[in-house]
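Note that ligands are numbered from 1 as they come in the structure, with each ligand's atoms numbered from 1 the same way. Just so it is clear, the model here is predicted, and its values are computed rather than measured. FYI, the numbering just counts along the sequence from 1.
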Amino acid sequence: MDRKFFEDMEARIPRGKVRTRFAPSPTGYMHVGNLRTALYTWCIARHAGGTFILRIEDTDQNRLVEGAVDVIYKTLRECGLDHDEGPDVGGPVAPYVQSERRNTYLPYAQLLVERGHAYYCFCEKSGSEEDAGFEHIEDPCRSLPPEEVQRRLDAGEPYVIRQKIPREGTTTFHDEIFGDITAPNADLDDQVLIKRDGLPTYNFANVIDDHLMGITHVVRGTEYLASAPKYNLLYEGLGWEIPRYVHCSPVMRDAHNKMSKRHGDPSYEDLIAEGYLTEAVVNYVALLGWSPKGEREIFSLPELAEAFDLSGISKSPAIFDKEKLTYFNAEYIKAMEPAAFAKAAEPWIRQAVKNPAYSTAAIAAILQQRTERLSDIPEKLDFFDTLPEYDTALFVHKKSKSTLETSRDMLRAAIDTLEALPEWTETTVHDSLVTLAEARGVKNALLMWPVRIAAAGKLVTPGGAVEICAILGREETLRRLRLGLEKLN
Ligand code: GLU
């Protein structure tokens, strides 16, 4: 064994009070659960002024999905979950990628063999696809004499390296959320550490890297709870300190099922495509399994980092509730700077409104306080480019006391007033109509109702008569009001 190699590696381990990592395997989309793990991991580091690392666990080449790494980078970048450290010094920080560290792991597996915590396995099926059903408890390779092992290695026989789990006894580990958990060793399998292709399994690379990267808190889903005893035995075999485990319960679609892409549950990207804002998604996802102290629910990312604490993480699974997310989204939209909202809404507005004369900013302004999701925008704006066919009955409205007669009368008066306007702005349109209502001794609503119906040709519109007329402009407004009047004559 090359002592120097291990000593050098130990000497290079970065130290810090709190060092966390998000360690995704690039096997698909960024699920809501993955995003939550990333977020909690980041918050734990940021809360403590520690270090957050991104590590791509891609040693299982069969499971790789093309483009998945890019989705991870893009999602983390958009969500503001920046990492601090990577293999390169200087320049933008690249993440750690396990396949680029492929030569790091084998020496540790060999060290474990030397210490009696792992063994070479030459069985034919070992480490192959069918490995799952293979019974290792009786694996003859567990007790091969060292000379035979050496002879077979020298002869170039293919092998895997397996962890040698004690047959007897129990293994106990501590989890920050679930407390002490004890597993009988007999229940643990001699998992493969190094595969036939010489690459580590992610279970093994994960442990080695957590140590070599000085990770203090391992944050991941409860699906890894069952593996934790095996990880512990590896740490013990290598004489390493065990990090703090933080296992988070899954995010569920309902009381019984985890969220899953297969069942049509949305990934982060899907939510964005559905018109949710990144900030709202991040805020909502943070509360799926973590409760802040107090009643407050709306948290920006820096506020989350500030407030985040392990004691708020729940043992029970959280249910993803789209309506709740929609509520958060609407709150975020309302609170946006008008210019920022206009920018976010623009592509959605332009899906429905092609006429460049109609100002995005003005349309955004009438939408902002009544939009729950950006994707709801286009259908609300269908009347701008083309006046819909509409029924004259729309001019009748109980609440404003509008009848066909009052509407005819009011429209005629509105047309006269608006035709005479020297300048066409929201203010001038507004003031002239209010003055008109006053002069006629009627309530504003009696005048505004038919104006809005004639301008939009539909019952429900974002914005009132004045705002819509201001956006449509003089010519188009008057054309529409005259058309309305014709219907009423
Ligand atoms: N690579 C594992 C995954 O993508 C994560 C393991 C861990 O965080 O420890 O699920």
Point to revise | Contact with ligand 1 for Arg21, non-hydrogen, under 4.0 angstrom | key: yes

Review point. Has ligand 1 got any nitrogen or oxygen that is less than 3.5 angstrom from a nitrogen or oxygen of Glu57?
Key: yes

Review point. Do Lys458 and Phe383 meet the cation-pi criteria used here (NZ or CZ under 6.0 Å from the six-membered ring centre, within 45° of the axis)?
Key: no

**Study point:** Protein contact of atom 10 (O) of ligand 1 - nearest heavy atom, named by residue and atom, plus distance
**Key:** Tyr224 OH, 2.5 Å

Exercise for review: Return the orientation label for the Tyr284 and Phe328 ring planes: parallel under 30°, perpendicular over 60°, tilted otherwise.
Suggested key: tilted

Review point. Do Phe308 and Trp290 have their ring centres less than 6.0 Å from each other?
Key: yes

Exercise for review: Select one of side chain, backbone, both or neither to describe which atoms of Phe22 lie under 4.0 Å from any atom of ligand 1, heavy atoms only.
Suggested key: neither

Check your understanding: For the rings on Phe204 and Tyr105, is their centre-to-centre separation under 6.0 Å?
Key -> no

Exercise for review: Check each atom of ligand 1 against the heavy atoms of Asn206 and keep those under 4.0 Å away; list them by number with element.
Suggested key: 6 (C), 7 (C), 9 (O)

Study note, to complete from the structure: The protein heavy atom nearest to atom 4 (O) of ligand 1 is Ser25 N, 2.8 Å

Review point. Between Tyr224 and Tyr202, what is the ring plane arrangement, given parallel below 30°, perpendicular above 60°, and tilted in between?
Key: perpendicular

**Study point:** Audit row: Tyr108, Trp240, ring-ring contact (aromatic ring centres under 6.0 Å, His included) steps and yes/no
**Key:** CA-CA 12 Å; Tyr108 290 101; Trp240 291 345; 5.4 Å; yes

Practice item. Could you tell me the residue and atom name of the protein heavy atom closest to atom 5 (C) of ligand 1, and the distance to it rounded to 0.1 Å? Key: Ala23 O, 3.2 Å

